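If you're wondering where the values come from, they're calculated on a predicted model, not measured in any experiment. Indexing begins at 1, ligand by ligand and atom by atom, following the structure's order.
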Amino acid sequence: MAIGQQQLSMEEFNLIRKLVYDRFGIHLNEQKKSLVVERLQKTLRTGQFDSFRAYYDYVVSDRSGRALLELVDRISTNHTHFFREKDHFVFMQTTWLPAMKKAAQTAGKKKDIRIWSAGCSSGEEPYTIAMLLADQFELDGAGWDIGILATDISTSVLEKAQAGMYSDTQLEQVPDVYKRKYFRPAGNGLFSVAPAIKDLVMFRRLNLMNAEYPFKGQFQIIFCRNVMIYFDEPVREGLLARYHRYLEPNGYLFIGHSESIGRDNKYFRFIRPAIYQKI
Ligand SMILES: C[S@@+](CC[C@H](N)C(=O)[O-])C[C@H]1O[C@@H](n2cnc3c(N)ncnc32)[C@H](O)[C@@H]1O
């Protein structure tokens with residue numbers, strides 16, 4: 001039985017990082033070695049693996065794919081919060097929505113809103129979008145059909161997202177008026193997302209590395225914030241090509257403020273920091 005902390009050799013680290021890169025596009029540089037040790041320690045102890053090599057062999061031989069999913073769950077960083085990087089929500093409210101509403105006045109234009117939160121983590125991002133839209137359409141929402149797709153690779157964050165239960169501290173960034181309208185006290189300092197907001201969001205598991213996504217239509221906005229940061233250039237390039245394909249003409253791509261897309265890329269034009277438009 002394995003006791004104490006397992007050592008991770010460079011050879012084992014290279015095997016694990018190649019697997020994580022090939023399957024999920026996540027690039028772990030050499031500085032991430034100690035993070036891998038820290039995050040996988042418990043998994044090794046629970047599964048009684050006496051080395052990282054034994055654990056790696058188990059993951060690659062597990063045909064159910066569950067071990068691989070657990071691995072990515074441990075490795076990926078799921079940090080998020082409500083109303084994170086507010087500029088995107090201000091842009092939606094002041095620029096994008098007025099344009100959408102105006103265009104809808106044109107005869108025959110469908111009143112559909114389709115937004116994708118790609119790498120949604122535990123749900124704070126798609127629920128923020130849903131609250132903003134519910135609020136904006138409170139008075140003139142008749143005839144509008146709103147659909148927010150929220151996807152992630154990690155099943156554990158998706159379970160949290162679907163449960164829609166958050167603590168008081170997690171709601172700190174939520175304006176009081178939204179807290180009152182869109183959350184219900186659930187006891188023990190917890191609050192649950194109101195059914196009207198939950199109904200606007202559909203959660204699905206999706207690996208962004210897939211060459212094709214199972215979507216019928218296109219989106220007006222794709223949020224892919226603080227996800228591409230873990231991918232290297234070739235993976236990012238492939239992802240941008242797919243986002244381009246799944247966006248409506250003139251649709252927007254929102255990325256994290258610490259991320260950027262080369263201004264010479266062929267898919268998106270720069271609008272303002274972290275906001276790009278389909279070319
Ligand atoms: C740091 S969180 C970002 C959450 C949210 N977008 C935000 O900005 O607050 C990054 C998320 O990307 C997800 N992720 C990482 N690699 C992925 C992949 N290959 N496919 C889908 N999701 C992935 C992780 O599971 C994690 O939940």
Query raised in the report: Numbering the atoms of ligand 1 from 1, which are under 4.0 Å from a heavy atom of Asn207?
Result: 18 (C), 19 (N), 20 (N)
Query raised in the report: Looking only at heavy atoms, is any part of Arg225 under 4.0 Å from ligand 1, and if so is it the side chain, the backbone, or both, or is it neither?
Result: both
Report task. Determine, for Glu30 against Arg17, whether the closest basic-nitrogen to carboxylate-oxygen distance falls under 4.0 angstrom. Result -> yes
Query raised in the report: Would you say Arg23 has more than 12 foreign heavy atoms packed within less than 6.0 Å of its CZ?
Result: no
Query - Distance (rounded to the nearest 0.5 Å) between Leu208 CG and Phe24 CZ - result: 11.5 Å
Query raised in the report: Is it the side chain, the backbone, both or neither of Ser121 that has a heavy atom closer than 4.0 Å to ligand 1?
Result: both
Query raised in the report: Under 30°, 30 to 60°, or over 60°: which ring-plane class applies to Tyr213 and Tyr246, parallel, tilted or perpendicular?
Result: tilted
Query - Nearest-option assignment for atom 19 (N) of ligand 1, heavy atoms, candidates Phe254, Tyr230, Phe24, Phe82 - result: Phe24
Query - Which of the ligand 1 atoms, numbered from 1, are nearer than 4.0 Å to a heavy atom of Glu125 - result: 5 (C), 6 (N), 7 (C), 8 (O)
Requested in this report: Could you tell me the residue and atom name of the protein heavy atom closest to atom 14 (N) of ligand 1, and the distance to it rounded to 0.1 Å?
Outcome: Ile153 CG2, 3.7 Å
Query raised in the report: Aromatic rings Phe183 and Phe82: how do their planes relate, parallel, tilted or perpendicular, breaks at 30° and 60°?
Result: perpendicular
Query - Nearest neighbour in protein (non-hydrogen) for atom 27 (O) of ligand 1 - result: Asp152 OD2, 2.6 Å
**Report entry** Top protein contact for atom 20 (N) of ligand 1, by heavy-atom distance
**Finding:** Leu208 N, 2.9 Å
Query - Residues, nucleotides or ligands: over 12 heavy atoms within 6.0 Å of Lys101 NZ - result: yes
Query raised in the report: For Phe49 and Tyr55, what are the C-alpha separation, side-chain angles and deciding distance, and is it a ring-ring contact (aromatic ring centres under 6.0 Å, His included)?
Result: CA-CA 6 Å; Phe49 296 103; Tyr55 169 66; 5.5 Å; yes
Report summary line: For atom 1 (C) of ligand 1, the closest protein heavy atom turns out to be Thr77 O, 3.1 Å
Query - Proximity winner for atom 26 (C) of ligand 1, if only heavy atoms of Val227, Asn78, Thr151, Thr128 are counted - result: Asn78
Requested in this report: Output the list of atoms in ligand 1 that are nearer than 4.0 Å to some heavy atom of Ile26, sorted by atom number.
Outcome: 15 (C), 16 (N)
**Report entry** Nearest-contact summary for atom 9 (O) of ligand 1 - protein heavy atom, Å
**Finding:** Thr80 OG1, 2.5 Å
Query raised in the report: Considering only the protein, which heavy-atom contact is closest to atom 21 (C) of ligand 1, and what is its distance?
Result: Leu206 O, 3.2 Å
Report task. Fit a plane to each ring of Tyr252 and Phe254, take the angle between them on a 0 to 90° scale, and name the class: parallel (under 30°), tilted (30 to 60°) or perpendicular (over 60°). Result -> tilted
Report summary line: of all protein heavy atoms, closest to atom 4 (C) of ligand 1 is Gly119 O, 3.3 Å
Report task. Give the residue, atom name and distance (to 0.1 Å) of the protein heavy atom nearest atom 8 (O) of ligand 1. Result -> Asn226 ND2, 2.8 Å
Query raised in the report: Restricting to pairs with a member in residues 178-196, which pass salt bridge (charged side-chain N to carboxylate O under 4.0 Å, His left out), not counting sequence neighbours?
Result: Asp135-Lys181, Glu138-Lys181, Asp176-Lys179
